[in-house]
Protein chains: 2
Amino acid sequence: MTGDGTKRGRGRPKSLSRQEVIDLAMNAYWREGPAEVSLNSICQRAGVAKPSLYREFGDEDGLTAAVLQAYADAVLSQVLRIVTGPESFDQKVEDLIRYASEDALSDNGCLYVKMQAATHRFGEKTQALIAAIDAGAEEAYAALLTDARRTGHAPESIPTRLGARYMMSQITLALVLRAAGEEPLLVRDLLTLALSVFPSDKQDRH
Amino acid sequence: MTGDGTKRGRGRPKSLSRQEVIDLAMNAYWREGPAEVSLNSICQRAGVAKPSLYREFGDEDGLTAAVLQAYADAVLSQVLRIVTGPESFDQKVEDLIRYASEDALSDNGCLYVKMQAATHRFGEKTQALIAAIDAGAEEAYAALLTDARRTGHAPESIPTRLGARYMMSQITLALVLRAAGEEPLLVRDLLTLALSVFPSDKQDRH
DNA sequence: ACAATTTGTTACCAATAGGTACGAAAAAGT
DNA sequence: ACTTTTTCGTACCTATTGGTAACAAATTGT
């Protein structure tokens, strides 16, 4: 009924929609925290039997990894697009601040920071995926900072690697605060203040 | 054997040392994360029977609250003493940075930030305690910023409440990074950069 | 019609969670 | 010696966890 229509092979047609389960699990992980949502409860809410889930995802690690992957594809890619885009440094900073404090974030949620904060709870696949996403993000931020150095937005007092880690951790902090229910406007001001260590074009750069 | 020596009353002398259990639980919570340490395992490691624990702490919520309280008394009070002390703003900032990046933190651990990040997992008492500690910290930081405003370390572009929340979240961020196993020197540099938005006496203040 | 194949579902498993009933043990008061 | 009081500890409870065996159902290929 809900299976995708790719020419199906031989057996019984599947009624389990992989995407539906992932979306449901993603939402549950986000709202209640990954540690509080059991595989059993996911089956219950999705209205599917446990062995169906296990056939689709292998084990719990497979499910969490699939959810995180879907989240990375849907949400984290937006951040990466901002960071690696062709805009000016000032514009990127502005976009990042706006993204981290926008209201829509409450619905999507920043699941990644929640999973990152509880890495040890997950299996090998999920941990490896978290590490990979982390590495990719750090690389992107490093490129951003290298570029900022050329345009004079990153002074010599801020080494490239330090600046990259700084931006990354500040963005993460903003998302964590949002995840904790903090007001978007306050988060916006906090992040703006944190990123003000990078001189913008509008400020006088002595 | 290990009970404290206050004139004991009538019944069988207790062999359970409240402080020993708290210390052991505190260490376990810190190293493995509060979500991964069960009450059963604490009993096992401490070598005490479960009913003994329940008589002493009531329930799991009572234990986690007692551990957090002990942690607040032992560790968090140090941060508060720095913030509310009589030193200059510059000196306080320096002390905070040094504290957050010192090596000894790895042993003590910053349990608070771990429990704060997983608030929903705990019972009412523990949650209330977390909220109380949070409120106290914010108040102290607000006082610090009010003082900084007088001495010119907090420019008008940074409202008092924003500045207080900023300092608090940056300190917390540093402790979280330490908890995640980040190198002390990197954390030190990150925190130094973040707090450089407050002009120090050594910098020229236009 | 019948075998092959794939999915779904019921019912179960061992392990562990937080929590407790109850009797044995050890002290003090009488 | 005997009762009282307090703590200890074995053995148990129910609920839930991640995970699976085995069988029923539904489809395609022959």
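Proteins get letters first, then strands, A, B, ... in listed order; numbering begins at 1 in each.
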Please write out the pairs of protein N or O atoms and N or O atoms of nucleotides 4-7 of chain D separated by less than 3.5 Å, giving the distance to one decimal.
unit_1: D/dT4; atom_1: O4'; unit_2: B/R10; atom_2: NH1; d: 3.4
unit_1: D/dT6; atom_1: O2; unit_2: B/R12; atom_2: N; d: 3.0
unit_1: D/dT7; atom_1: O4'; unit_2: B/R12; atom_2: O; d: 3.4

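In DNA chain D, runs of at least 3 consecutive Watson-Crick or G-U pairs, each pair with both distances below 3.5 Å, span C:1-30 with D:1-30.
Heavy atoms of other residues, nucleotides or ligands lying less than 6.0 angstrom from CD of A/Q44 number 12 at most.
Between B/P155 and B/P199, the shortest heavy-atom contact is CD-CD, 3.9 Å.
Electrostatic pairing of A/K14 and A/E56 counts as a salt bridge here, judged by a charged N lying under 4.0 Å from a carboxylate O. Taking a cutoff of 4.0 Å between a charged side-chain nitrogen and a carboxylate oxygen, A/R165 and A/E139 do not qualify as a salt bridge. A salt bridge is absent between A/R188 and A/E183; no separation between the charged side-chain nitrogens and carboxylate oxygens falls under 4.0 Å. Using a cutoff of 4.0 Å between basic side-chain nitrogens and carboxylate oxygens, A/K125 and A/D59 are scored as salt-bridged. With salt bridges taken as basic N to acidic carboxylate O contacts below 4.0 Å, one links B/R98 and B/D95. For the pair A/D147 and A/R150, the salt-bridge criterion is met [side-chain N within less than 4.0 Å of a carboxylate O].
When atom types are taken as modelled, the side chain of B/Q127 and the backbone of B/T119 share a donor-acceptor pair closer than 3.5 angstrom. Using modelled atom types, no side-chain atom of B/Y166 and backbone atom of B/V197 make a donor-acceptor pair closer than 3.5 Å.
Toward the 5' end of DNA chain D, the nearer of the two residues B/V48 and A/G58, judged by each one's closest nucleotide, is B/V48.
Taking atom NZ of residue B/K50 and atom C1' of nucleotide D/dT10, one finds them 11 Å apart after rounding to whole Å. Nucleotide C/dT20 holds its C1' atom 9 Å from the OH atom of B/Y54, rounded to whole Å. Atom CZ of A/F122 is separated from atom C1' of D/dG18 by 15 Å (rounded to the nearest Å). Look at CD on B/E60: it is 16 Å from P on C/dT16, rounded to the nearest Å. Going from atom CG of B/L53 over to atom C1' of C/dG19 covers 12 Å, rounded to whole Å.
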Could you go step by step and tell me if B/E138 and B/M168 meet the side chain to side chain contact (heavy atoms under 4.5 Å, CB included) rule? CA-CA 7 Å; B/E138 182 160 358; B/M168 198 162 85; 4.0 Å; yes
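Heavy-atom distances under 4.0 Å link DNA chain C to B/S38, B/L39, B/N40 of residues 32-44 of chain B, given in residue order.
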